[in-house]
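See structure below.
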Amino acid sequence: MVEPAAGIAGEAPWSDAITAYDEAHFVVYLRLLDAEAEGADWREVAEIVLGLDPAADPADARRCWESHLQRARWMAEKGYRNLLENN
């Protein structure tokens with residue numbers, strides 16, 4: 001199993017509300033969304049943004065990248081509303 005960078009979970013925790021994990025990883029989510037918009041290769045993004053070594057365990061690295069990207073999309077599409085409502 002590939003160990004992600006310090007502070008990055010193997011899979012992004014899921015909730016219908018913004019979590020403390022989300023708050024701590026807003027910048028990671030933005031970087032993932034930017035990389036996706038640029039068409040960056042997932043392996044490069046996993047290494048640079050998440051601190052993973054995709055060559056060591058491609059399945060775990062991809063799962064970690066996918067779960068964080070999914071959470072980033074949720075934040076961009078729905079989660080941001082929670083931020084607006086609480087401010």
Side-chain angles (χ1 to χ4, degrees):
M1 178 175 184
V2 174
E3 291 297 322
I8 299 290
E11 290 190 33
W14 196 260
S15 173
D16 288 331
I18 294 175
T19 66
Y21 186 87
D22 295 324
E23 291 174 357
H25 293 88
F26 282 149
V27 172
V28 170
Y29 296 158
L30 291 173
R31 291 180 71 195
L32 290 170
L33 293 170
D34 284 346
E36 179 184 41
E38 293 176 7
D41 182 271
W42 76 268
R43 290 170 286 266
E44 183 178 353
V45 177
E47 183 174 354
I48 294 169
V49 177
L50 301 174
L52 300 171
D53 180 2
D57 191 338
D60 280 349
R62 184 159 182 112
R63 186 172 24 263
C64 181
W65 168 77
E66 285 178 340
S67 73
H68 282 82
L69 181 58
Q70 181 182 17
R71 190 63 179 172
R73 288 178 184 143
W74 177 85
M75 287 292 300
E77 295 167 3
K78 296 179 182 168
Y80 76 91
R81 292 180 190 139
N82 293 358
L83 291 173
L84 297 175
E85 291 170 359
N86 293 328
N87 288 322

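All residue numbers refer to positions in the sequence shown, counting from 1.
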- Message: Has H68 got a side-chain atom pairing as donor or acceptor with A46's backbone, closer than 3.5 angstrom?
- Response: no
- Query: So do the side chains of D22 and Y29 get within less than 4.5 Å of each other, counting heavy atoms only?
  - Reply: yes
- Query: Looking at A35 and V45, what are the two nearest heavy atoms and their distance?
  - Reply: CB-CG2, 3.5 Å
- Query: Hey, is CD on E36 packed in by over 12 heavy atoms from elsewhere, all under 6.0 Å?
  - Reply: yes
- NE2 on H25 to CE on M75, rounded to 0.5 Å: 12.0 Å
- Item | Shortest non-hydrogen separation from A61 to P54 and the atoms involved | CB-CA, 3.7 Å
- Message: Please find the pair of heavy atoms, one from A9 and one from Y21, that lie closest to each other, and give the distance.
- Response: N-OH, 2.9 Å
- Task: Could you tell me which non-hydrogen atom of S67 sits nearest to which non-hydrogen atom of A12, and how far apart they are?
- Result: OG-N, 2.9 Å
- Which heavy atom in W42 sits nearest to a heavy atom in P58, and how many Å separate them? CH2-O, 3.6 Å
- Message: I need the minimum non-hydrogen distance between L33 and A76, along with the two atoms involved.
- Response: CD1-CB, 3.9 Å
- Message: Are L69 and F26 connected into the same hydrophobic cluster when the rule is that any two of I, L, V, M, F, W, Y join if their side-chain heavy atoms are below 4.5 Å apart?
- Response: yes
- Query: Are the charged groups of R73 and E77 less than 4.0 angstrom apart, N to O?
  - Reply: no
- Can you measure from SG (C64) to CG (L52) and round to the nearest 0.5 angstrom? 4.5 Å
- Query: Taking a hydrophobic cluster as the set of Ile, Leu, Val, Met, Phe, Trp and Tyr residues connected by side-chain heavy atoms closer than 4.5 Å, whether directly or through intermediates, do L32 and W14 fall within one such cluster?
  - Reply: yes
- Task: Return the set of residues passing salt bridge (Lys or Arg N to Asp or Glu O under 4.0 Å) with R63 (not counting sequence neighbours), or none when no residue passes.
- Result: E11, D60
- Among all residues two or more places apart in sequence or in another chain, which pass the side chain to side chain donor-acceptor pair (under 3.5 Å) test with D16? none
- Within 45 degrees of the axis of the six-membered ring of W74 and under 6.0 Å from its centre: does R71 put its NZ or CZ there? yes
